[in-house]
**Q** 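So that we are looking at the same thing, I have put the structure below in structure tokens.
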Amino acid sequence: MELQQGIFILMGLAMIIAAVLAMHVKDLISSIIAVGVVSLFASILYLLMQAPDVAMTEAAIGAGLSTLVFLYALHKTKDVEEEND
Amino acid sequence: MTNLPEILFQVSTYFVSAGIILATLRLIKGPSMADRVVALDTFTVISISLIVLIACMSSRIIFLDVGMVYAILSFIGVVAVARHLEGGL
Amino acid sequence: MEWYRILGSIITLIGSIFLFLGALGVFRMPDLYNRMQAGTKATTLGTILTLLGIGICHYEWIGQILVIIMFIALTNPISSHALARAAHFKGIPLTKGSVTDKLKEKENIDVVVTDKLNENTEVEVD
Amino acid sequence: MIKRIFSAILLLGFVFVFFIIVNNIEEATALKGVGKEYAERSGNQELGAQNIVTAIIVTYRGLDTLGEVAVLFIAATGIAVLLRRKKKKIDPGKKKRESSEILLTGSTLLAPMIIIFGIYIFLNGHLTPGGGFQGGAVIASAIMLLFLADTSYKINHNVFGWLESLSGFAYVLIGILGLVMIGADNFLDNRILSLGTFGSILSAGAIPVIYTLIGLKVGTELASILDNMKGDLE
Amino acid sequence: MNITTIVHIIGFALIIIGFWGMLTQKNMIKIILGLAIVETGVQLVMVSFGFIEGRTAPILDSAVELSKVSSLIVDPVPQALVLTAIVIGVAVNALMLTFVIRLYQQKRSLSINDYKELKW
């Protein structure tokens, strides 16, 4: 097996494990982190598939913006709960 | 002897891949979410090396731009989760 | 066979070994703070060495590689600092063999010192 | 219970379809269709852009990109309408925890650097990977870092709104200039400026100008989405 | 096994995992996370349609000879499609999360089972 295919299979396994973890784990923050890991490895796969533009977009969006949008939503839905109590 | 650098680069890629496997195990195991964030931090640093190694193996300088974006933006996600944990979001 | 290519690839190999050891530390260390130590310090050194090796090997890339190294050296400590501080405030416990917790001591001392300062200023104003 | 059986049947159907697709996929060995056409035209330096993806996004498929930017604008407007601010006072007992000195200093040092890096990305869109969408995301990330570091940081809504509207307006205006100056079916053509030497920064006609406008628009829109999601009660 | 097949399998596995999560989870934020995974899978499959083994990225700097471009580069059209789709995806995710926040402010619940007005 060549090195490049090995990296593809390793990244794919890590992505699938992270995706299953994101759907399976009870804790929402861990779930958000796991989705971030999925997008990180997707960016490396795009780079290996000779698509640097797409890799750069996925890196810029998935690194921070997407995580923070989900965290803000989580924060807001908790915040109202505290006010209600 | 002529392709010694290529062999050494391949061995380096194997080491980096082993690092990714170990950090994935920590991501699965991590008892608290802070442990998973540590795994994410490790992933980002390791993948910058992997990106530059891929650029070296395909010998195209344009791939380094992706590494630059990752190097300067990847810490923001970790900071976001950290600020959420300490209640400052 | 140019000597700089061999030198660069050897430096890259050393850096990747550091990366592997850092990830091993993340997997093996007993509590969060030790893991963070392994996962940030060792991997930062490993990444810098890996990039420098590739920069020596392809010497025409050295400008962009130095920019990447500068970004890593600036951003990595900030994220690990924020994470460690958040974990400490969240109350994640230290491992059993830990000897000292300076941040907790510092917080307690801080309160006392500010109280004293306030008293002093009040006295001076009066 | 019946819901679970239905979802299992649906997933099994997906697995079946995907299995057929994976079995019957024939690996591509050559470019064909529009891809080949665009590659050959770029090889002849028709537009003067080194990055073929940029050439496709900005010029060959420019109308689609206008649509994408419109979708982004509608999403941002929808978020702003749904999360409109109510006038409410925060009780002083429930304040956010201030960030540490290191994060504050680091963010004030890093945010201008990240913004300059974003500008570098969308000015070099025709030479290296990257462009307006990526540069806009990078600029929005800089503003996000400021949000994270400083709890009292507020963006200037006037400046952001004007920047967004002006860049969108100028984008459409450049498209109409192509209609006027080149020909009837050349909306969003980049040859309204001279093409320059292939591979230098001031080349490829209007592509850097268009990508700068797209970058400003995407950056301000993503930043305003973040600001609305953050939504501090005044 | 060639690379296109591997990436197809990864992408389809991500799509199925995301759908599984969307169908079985109760929490609305988690359903949106499942949709984000599905998006990633679809984008991976789309990029892999344009990949041709042994060719290089579609950027014509000194590494690509200009006279025989069409036999040296991978297909640029799927990359251009996916690039905009990613940026649109995060805005659409933010819009969906906004709906979730508004629903939460109405009923104080994140569970999908509590919103039954439109069920027949």
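Naming convention: chains lettered A, B, ... in sequence-line order (proteins, then strands); numbering from 1 in each chain. Values reported hereafter were calculated over all heavy atoms of this structure, with side chains retained and with hydrogens, waters and symmetry mates removed.
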**Q** Quick one: what part of A/Ile17 sits under 4.5 Å from any heavy atom of chain B, side chain, backbone, both or neither?
**A**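 Contact with chain B involves the side chain of A/Ile17 alone.
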**Q** Side chain from CB out, backbone as N, CA, C, O: work out which of these in B/Asp35 comes under 4.5 Å of a heavy atom of chain A, or both, or neither.
**A**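 Contact with chain A: none, neither part.
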**Q** What part of B/Ile51 gets closer than 4.5 Å to chain A, counting heavy atoms only: side chain, backbone, both or neither?
**A**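 Both backbone and side chain.
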**Q** Examine whether an atom of B/Val69 lies under 4.5 Å from a heavy atom of chain A, and if so say whether it belongs to the side chain, the backbone or both; otherwise answer neither.
**A**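 Side chain only.
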**Q** Examine whether an atom of B/Leu73 lies under 4.5 Å from a heavy atom of chain A, and if so say whether it belongs to the side chain, the backbone or both; otherwise answer neither.
**A**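 Both backbone and side chain.
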**Q** Taking all non-hydrogen atoms of both residues into account, name the closest pair between B/Arg36 and A/Ile33 and its distance.
**A**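 In this case the closest contact between B/Arg36 and A/Ile33 is O-CG2, 4.0 Å.
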**Q** Which residue out of A/Val20, A/Leu13, A/Leu21 racks up the most heavy-atom pairs below 4.5 Å with chain B?
**A**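 The residue among A/Val20, A/Leu13, A/Leu21 with the greatest pair count is A/Leu21.
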**Q** Does any non-hydrogen side-chain atom of A/Ile44 lie less than 4.5 Å from one of B/Ile54?
**A**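 Yes - at least one pair of side-chain heavy atoms lies under 4.5 Å apart.
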**Q** Below 4.5 Å, heavy-atom pairs only: which of A/Leu68, A/Thr67, A/Leu40, A/Ile29 has the largest tally toward chain B?
**A**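 Heavy-atom pairs under 4.5 Å are most numerous for A/Leu40.
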**Q** Heavy-atom cut-off 4.5 Å, strictly under: side chain, backbone, both or neither for B/Ile21 against chain A?
**A**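 Contact with chain A: side chain only.
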**Q** Would you say B/Phe63 and A/Gln50 make side-chain contact, with heavy atoms under 4.5 Å?
**A**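 B/Phe63 reaches A/Gln50 side chain to side chain.
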**Q** Would you give the length of the straight line joining atom CG of A/Leu10 to atom OG1 of B/Thr13, rounded to the nearest 0.5 angstrom?
**A**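 It comes to 11.5 Å.
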**Q** Measuring heavy-atom distances to chain B, does A/Val25 have an atom under 4.5 Å in its side chain, in its backbone, in both, or in neither?
**A**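 Side chain only.
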**Q** Would you name the heavy atoms of B/Val66 and A/Ala55 that are closest together and state the gap between them?
**A**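 Minimum heavy-atom separation between B/Val66 and A/Ala55: CG1-CB, 4.1 Å.
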**Q** Which region of B/Met68, side chain (C-beta onward) or backbone (N, CA, C, O), has a non-hydrogen atom less than 4.5 Å from a non-hydrogen atom of chain A, or is it both or neither?
**A**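 Neither; nothing under 4.5 Å.
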**Q** For the NE2 atom of B/His84 and the CZ atom of A/Phe70, what is their distance to the nearest 0.5 Å?
**A**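 Here the rounded value is 13.5 Å.
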**Q** Need one label for B/Ser47: side chain, backbone, both or neither, based on atoms under 4.5 Å from any heavy atom in chain A.
**A**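 Both the backbone and the side chain of B/Ser47 come within 4.5 Å of chain A.
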**Q** So for A/Ser66, is it side chain, backbone, both, or neither that comes closer than 4.5 Å to the heavy atoms of chain B?
**A**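 A/Ser66 has no heavy atom closer than 4.5 Å to chain B.
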**Q** Examine whether an atom of A/Leu47 lies under 4.5 Å from a heavy atom of chain B, and if so say whether it belongs to the side chain, the backbone or both; otherwise answer neither.
**A**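 Interface part for A/Leu47: both.
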**Q** Between CZ of A/Phe41 and CG of B/Leu50, what distance do you get to the nearest 0.5 Å?
**A**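 So the CZ of A/Phe41 and the CG of B/Leu50 are separated by 9.0 Å.
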**Q** Can you say whether A/Leu65 sits under 4.5 Å from chain B via the side chain, the backbone, both, or neither, judging by heavy atoms?
**A**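 Contact with chain B involves no heavy atom of A/Leu65 at all.
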